[in-house]
Protein chains: 2
Amino acid sequence: MDEDLNRTVSAFRMLVTTLNRAKTHERLTEAAGVRLDRPDVQILVYLLDSGEPRRIGLIATGLQVESPHVTRHVATLEQRGLVERVRDPDDGRAWRIALTEEGAEVASRCRKVTTDWFQGAIAEWSEADRAELSRLMGKLSDDLSSHLKDVITLR
Amino acid sequence: MDEDLNRTVSAFRMLVTTLNRAKTHERLTEAAGVRLDRPDVQILVYLLDSGEPRRIGLIATGLQVESPHVTRHVATLEQRGLVERVRDPDDGRAWRIALTEEGAEVASRCRKVTTDWFQGAIAEWSEADRAELSRLMGKLSDDLSSHLKDVITLR
DNA sequence: TATTGTTATACTCTATAACTATA
DNA sequence: TATAGTTATAGAGTATAACAATA
């Protein structure tokens with residue numbers, strides 16, 4: 001039981017490690033045919049997943065970083081024509097960050113590289129196992145995030 | 001199918017993000033009652049998981065970082081009495097890094113905080129789901145690492 | 001001479017603090 | 001004056017390059 005848990009967590013730890021290495025990112029951008037640093041890609045994919053323009057603050061919250069970090073990277077993405085600022089209809093002082101057409105395309109390519117990695121890794125799995133993985137992963141993500149939020153907030 | 005995959009990956013992405021934030025680490029060390037930076041903890045837990053002393057190079061490979069990084073952090077861990085160097089019996093020029101008694105204790109506390117987080121998150125899950133998670137997670141970790149290794153090597 | 005590890009250095013990522021601007 | 005965002009700065013984390021030491 002406890003052994004099971006230890007194995008689960010250490011498997012997880014290894015995956016997290018791998019996915020955070022510079023080499024992995026390098027490989028991703030190479031495969032996607034773009035030259036962007038990690039935070040840039042994270043922001044693009046976040047916007048793509050969102051499906052609509054988002055404010056700086058919301059992007060920061062979503063990616064769990066501080067806003068100056070987002071400000072800086074959005075500025076470079078804007079210069080490269082991958083995102084643009086549009087007025088927030090609800091709040092005149094605020095802007096929303098929108099993917100440009102090219103930005104959306106780049107974001108899809110980056111996202112696809114990652115999903116392809118997963119797909120390649122589980123290609124040999126049974127249909128049932130793949131479905132189970134999807135289900136449990138979603139559940140784990142929800143439960144772990146909300147659990148951590150509680151743990152971190154309750155101080 | 002493709003939708004499933006996208007959800008799996010984006011759930012994953014979120015978890016990776018959360019687990020890599022400074023605040024999460026801060027929370028971990030606070031709960032474990034230690035004052036160590038992230039690489040220090042990674043090295044300690046790696047050694048604990050290994051169950052035996054390891055050489056610098058192997059630690060670097062395992063954590064997927066370059067050896068100078070390990071050298072530096074091992075030096076501080078050594079100063080703090082959490083690890084010690086022992087001669088490699090197989091190769092006189094090499095040393096192995098061993099956990100001291102205190103180091104092993106600190107490492108266990110850190111590892112336990114993480115596993116407790118997981119445990120708390122999945123506490124309400126059915127026995128069957130927990131077992132499935134463990135099984136699929138191990139499988140995914142193996143398959144994804146080896147798949148990535150292939151992808152990254154084949155260049 | 002090949003391998004392992006170390007020292008020195010620099011770059012990337014991210015946080016904190018102080019400031020600006022608009023509702 | 002409260003909120004959203006920006007500018008400025010600093011610190012953590014990690015990589016690369018050059019070197020040292022031992023089989």
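Naming convention: chains lettered A, B, ... in sequence-line order (proteins, then strands); numbering from 1 in each chain.
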Can you list everything that forms a side chain to side chain contact (heavy atoms under 4.5 Å, CB included) with A:Asp129? Sequence neighbours excluded, please.
A:Trp125, A:Ser126, B:Arg135, B:Leu136, B:Lys139

Which residue pairs satisfy the ring-ring contact (aromatic ring centres under 6.0 Å, His included) criterion with at least one member in residues 20-46 of chain B, sequence neighbours excluded?
none

If I take atom NE2 in residue B:His73 and atom C1' in nucleotide C:dT7, what distance separates them, rounded to the nearest angstrom?
15 Å

Using whole Å, report how far CZ of A:Arg54 lies from C1' of D:dA4.
17 Å

Short of 4.0 Å, heavy atom to strand atom, which residues of residues 106-115 of chain B count as contacting DNA chain C?
none

Table of protein N/O atoms under 3.5 Å from nucleotides 15-17 of chain C N/O atoms:
from	atom 1	to	atom 2	distance (Å)
C:dA15	OP2	A:Glu66	N	3.1

Output the rounded distance in Å from CZ (A:Arg85) to C1' (D:dT6).
9 Å

Can you name the salt bridge (Lys or Arg N to Asp or Glu O under 4.0 Å) partners of B:Arg21, sequence neighbours left out?
none

Assess A:Arg55 against A:Trp95: is NZ or CZ under 6.0 Å from the centre of the six-membered ring, and within 45 degrees of the ring's axis?
no

List in chain and number order the residues that pass salt bridge (Lys or Arg N to Asp or Glu O under 4.0 Å) with B:Arg54, two or more places apart in sequence or in another chain; answer none if no residue qualifies.
B:Glu52

What integer distance in Å separates B:Leu58:CG from C:dT4:P?
11 Å

Members of residues 38-52 of chain B that approach DNA chain D, where some heavy atom sits under 4.0 Å away:
B:Arg38, B:Pro39

Can you list the residues that meet the salt bridge (Lys or Arg N to Asp or Glu O under 4.0 Å) rule with B:Asp142, with sequence neighbours excluded?
none

To the nearest angstrom, how far is A:Arg55 atom CZ from D:dT6 atom P?
11 Å

Just by modelled atom types, is the B:Asn20 backbone N or O under 3.5 Å from a matching donor or acceptor in the B:Arg38 side chain?
yes

Which residues pass the side chain to side chain contact (heavy atoms under 4.5 Å, CB included) test with B:Lys112, sequence neighbours left out?
B:Thr115, B:Asp116

List the atom pairs, donor and acceptor, that lie under 3.5 Å between side-chain atoms in residues 8-17 of chain A and the rest of the protein, sequence neighbours left out.
from	atom 1	to	atom 2	distance (Å)
A:Thr8	OG1	A:Asp4	O	2.9
A:Thr17	OG1	A:Arg13	O	2.9

For atom CH2 of A:Trp95 and atom C1' of D:dT6, their distance in whole Å:
14 Å

Tell me which of B:Ile56 and A:His25 sits closer to the 5' end of DNA chain C, going by the nucleotide each one is nearest to.
B:Ile56

Sequence neighbours excluded, which residues qualify as salt bridge (Lys or Arg N to Asp or Glu O under 4.0 Å) partners of B:Glu102?
none

Quick one: A:Asn20 CG to C:dC13 C1', roughly how many Å, whole number?
11 Å

Pairs where residues 57-71 of chain A contributes a residue and the test side chain to side chain donor-acceptor pair (under 3.5 Å) is met, not counting sequence neighbours:
A:Gln64-B:Thr18

Interatomic distance where CD belongs to A:Glu78 and C1' belongs to D:dG5 [whole Å]:
13 Å

